[in-house]
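First the structure, in the form of structure tokens, and then the observations on it.
On a predicted model such as this, the values are computed, not experimentally measured, just so you know.
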Amino acid sequence: TGGTALYDGRNLLELKPAFGSGLVTALARIDGWPVGVIASQPASLVGSLTPDACSKATRLLCLCDAFGLPVVFLQDTPGFLVGTAVEHERLLAGAMLFLEALCLTRVPKLTVVLRKAFGLAFFSMGGPGMGSDLLVAWPGAEIGFMEALDQFARNFENKILSVAGALAHAAAELDQSAHAMSEMADE
């Protein structure tokens with residue numbers, strides 16, 4: 001697989017591969033040393049963080065902290081998944097537990113931004129101020145922050161445009177009606 005250059009040969013044990021598929025969590029050996037790995041999986045939901053992915057990462061962080069294993073984060077995430085479905089699945093609660101586990105973990109943490117890291121997910125995956133001992137970015141990696149209004153506009157752009165179009169159409173009809181009534185009154 002593509003990750004064989006990172007870890008030693010066949011010394012990779014992926015944990016819960018069918019659960020929270022936006023993240024890969026694994027135990028591996030790097031230069032003979034055991035580590036925990038939390039990596040974005042852009043092939044699933046473009047690597048967005050979901051409630052299940054947050055739960056999966058939280059459990060690995062707790063496991064690594066309990067056994068003194070360093071954690072390696074590999075980031076390629078556009079952010080947290082948004083929408084009513086994930087809100088009903090308690091995304092905020094899962095994200096808060098993930099951040100709490102990250103802040104309370106006492107083991108060494110290394111973060112590598114591979115391609116993109118946006119919004120709160122950048123911090124949740126071992127970004128600045130979250131206790132990472134080393135944070136590096138691959139050349140050409142994009143790191144960005146989203147204003148809440150910008151994110152809202154991106155998510156609901158089509159709805160906003162259709163409502164704006166309907167309002168413009170209604171305003172034009174009202175203007176025509178007002179003009180017709182004005183002509184009738186002048187007669």
Minimum heavy-atom distance between [X] and [Y], given as atom pair plus value:
| X | Y | value |
| --- | --- | --- |
| Ser40 | Pro42 | O-CD, 3.4 Å |
| Met130 | Lys109 | O-CE, 3.8 Å |
| Leu49 | Cys54 | CB-SG, 4.5 Å |

Given 3.5 Å as the limit, does a donor-acceptor pair link the side chain of Gln75 with the main chain of Met125, or not?
yes
Hey, is the main chain of Gly126 close enough, under 3.5 Å, to the side chain of Ser132 for a donor-acceptor pair?
yes
Hydrophobic cluster identity match, [X] and [Y], side-chain contacts under 4.5 Å:
| X | Y | answer |
| --- | --- | --- |
| Leu13 | Leu60 | yes |
| Ile38 | Phe67 | yes |
| Phe73 | Trp138 | no |

Validation: residues 20-34 side-chain donor-acceptor distances under 3.5 Å, sequence neighbours left out:
residue : atom : partner : partner atom : Å
Ser21   : OG   : Ser44   : OG           : 2.6
Thr25   : OG1  : Leu15   : O            : 3.1
Arg29   : NH1  : Gly32   : O            : 2.9

Compile the donor-acceptor pairs under 3.5 Å between side chains in residues 93-105 and protein atoms, sequence neighbours left out, one pair per line.
residue : atom : partner : partner atom : Å
Thr105  : OG1  : Ala101  : O            : 2.4

Looking at CG of Leu114 and OG1 of Thr111, how far apart are the two atoms once the value is rounded to the nearest 0.5 Å?
10.5 Å
Going by the rule side chain to side chain donor-acceptor pair (under 3.5 Å), which residues pair with Gln176 if we only count those two or more places apart in sequence or in a different chain?
none
Which residue pairs pass the salt bridge (charged side-chain N to carboxylate O under 4.0 Å, His left out) test with at least one member in residues 53-72, sequence neighbours excluded?
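Matches after skipping sequence neighbours: Asp65-Arg106.
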For Lys116, give me all partners under salt bridge (Lys or Arg N to Asp or Glu O under 4.0 Å), at least two apart in sequence or on another chain.
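If we apply the salt bridge (Lys or Arg N to Asp or Glu O under 4.0 Å) test to Lys116, skipping adjacent residues, the hits are Asp76.
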Considering only heavy atoms from C-beta outward, does the side chain of Val71 approach that of Leu69 to under 4.5 Å?
no
Mind checking side chain to side chain contact (heavy atoms under 4.5 Å, CB included) for Pro128 and listing every partner two or more places apart, or none if nothing turns up?
Phe122, Phe123, Leu135
